[in-house]
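Here's the structure, in structure tokens; my notes come after.
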Amino acid sequence: MSTAEPIIIVGGGIAGIATALAAAPAPVLLLTRAPGARGAASLLAQGGIAAAIGPGDTPADHARDTCEAGSHHNDPAIVDLLTRSAVDAVHWLQELGVAFDCAADGSLALGREGGHDRPRIVHAGGDATGAKVMEALVAAARASGHITRRAGVEVDGLLLGDDRACGVAFSNADGSREQARGRAVVLATGGIGALFAQTSNPPDADGSGLALALAVGAKLRDLEFVQFHPTALMLPGLHSLPLVTEALRGAGAHLHDSKGRRLMEGVHPLGDLAPRDIVARQVWQACQRGGAVLDARVVGSAFAEKFPTVLRACLDHGIDPRVQPIPVVPAAHFHMGGIATDADCRTSLPGLHAVGEVACNGVHGANRLASNSLLEGLVFGRRLGLRLRDQAAGEAPAGADGIERLRPPALDAQALVGLRALMASAMGPLRDGVTLQAALADVETLAAAGWQGGVAKVLVAAALARRGSLGAHYRSDAPSA
Ligand code: SIN
């Protein structure tokens, strides 16, 4: 290994690009499936960035809400790091040109979402925060001389030398194969929502990074904790569903069942703004009984300015949320589990790092607090980039030969549809041992056929192993365990 070898980053969402930018001037090779930020869940994020920026708010208050939402399965030291770094992360984005929405007096406008005890969320372009942030980050990356970007590649293996990661193997769109050697490898491949029948994620959030980690035996953790967003737009037959942001409930919208009854009344003191797992279960059960709607008519004429993304998605499907309730359904949204990392994004395999949703450092516990995910990508991505920049010259050399460890081939399209249906029925907001046991037998067969099956298998096994309910992992056969 020489210091001229780049830091290889797989994935172009917020965590990958924040890492790449912070690593300057060390050379970075950024490998992505799609150009720009296309394919990254960060681009679709409607929630904003949580930061204790308002009068009287403190990182400790933000940390308390993060741990409450996470059922105290969180690592308190990592939560502390996240919440203490949040204001600085917001200022860094402002320096890169992100124009956060302001109140009439010119201060940052703060929104409120589920699980927060007060308004604490900054937004840009109303509900278009992810798009605005990614626009600025991609522009900064394009203007940075130290980042080389290759889009249209599928990273399907890691290179190992002297028992450490020293590069990646990938295929190009024309089927040709290549290897790239690097002084460090960073997985920033996002989550797993696309392994479920209905998701708020883009199709590329398919667990590809977990499959790479499995191929090299890197440690995974907390895999059973999958967050379902309570309100995706209900569009039967579609896989990737538009999100109906929680900020609408922060602005006074309410959930109802098909008989018009308020769904969250008497369920939790925070009502419609209860932690996401609790709301998702209520909506899920209402959907089984005939349907659920979000009545956001209270937003009225402010929709176009504050929630342009939701308004457009609804109008595209013949629903006018200013005058009629929005049909909603829970959708797989965020994976709290992932590749086990420490506070510095190191995995159990030397040379391999993971950051953002693919990683699990314990910050989210058993259920992520709203608007902590863009924040996580920013805080830990910047931290990792700076460390790799400073460490670049000092790492131990890898062996001359990189041995390829490839993940298995992909499932065919039909098998993938079957896997998504299976995951939705067994690994949804309500789980039970009998269904999970039956699903395990099926995913074992699918694991022999393709890498997505291998990822599903470890998720189902983790859910079976946790016999009690905790956070987003709710077992109807052990509801209060
Ligand atoms: C939302 O806008 O409801 C999603 C925010 C998040 O996932 O943090």
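Heavy-atom basis, side chains included; hydrogens, waters and symmetry copies ignored. Heads up: numbering here begins at 1 and tracks the sequence. Indexing begins at 1, ligand by ligand and atom by atom, following the structure's order.
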query: Are more than 12 heavy atoms from other residues, nucleotides or ligands located less than 6.0 Å from atom CD of Glu154?
result: yes
query: Thinking salt bridges, do Glu224 and Arg475 make one under a 4.0 Å N-O criterion?
result: no
task: State, yes or no, whether a side-chain contact exists between Asp127 and Lys306 at a heavy-atom distance under 4.5 Å.
output: no
message: Filter on salt bridge (Lys or Arg N to Asp or Glu O under 4.0 Å), then keep only pairs touching residues 188-208, sequence neighbours left out; what's left?
response: Arg33-Asp204, Arg33-Asp206
- line: Expected contact list for ligand 1 at under 4.0 angstrom, heavy-atom basis, is Gln46, Gly47, Glu113, His229, Leu243, Thr245, Glu246, Arg276, His333, Arg368, Ala370, Ser371
- request: Among residues two or more places apart or on two chains, list those pairs meeting side chain to side chain donor-acceptor pair (under 3.5 Å) that have a residue in residues 454-463.
  value: none
message: For Arg64, give me all partners under side-chain hydrogen bond (donor to acceptor under 3.5 Å, both in side chains), at least two apart in sequence or on another chain.
response: Asp61, Asp117
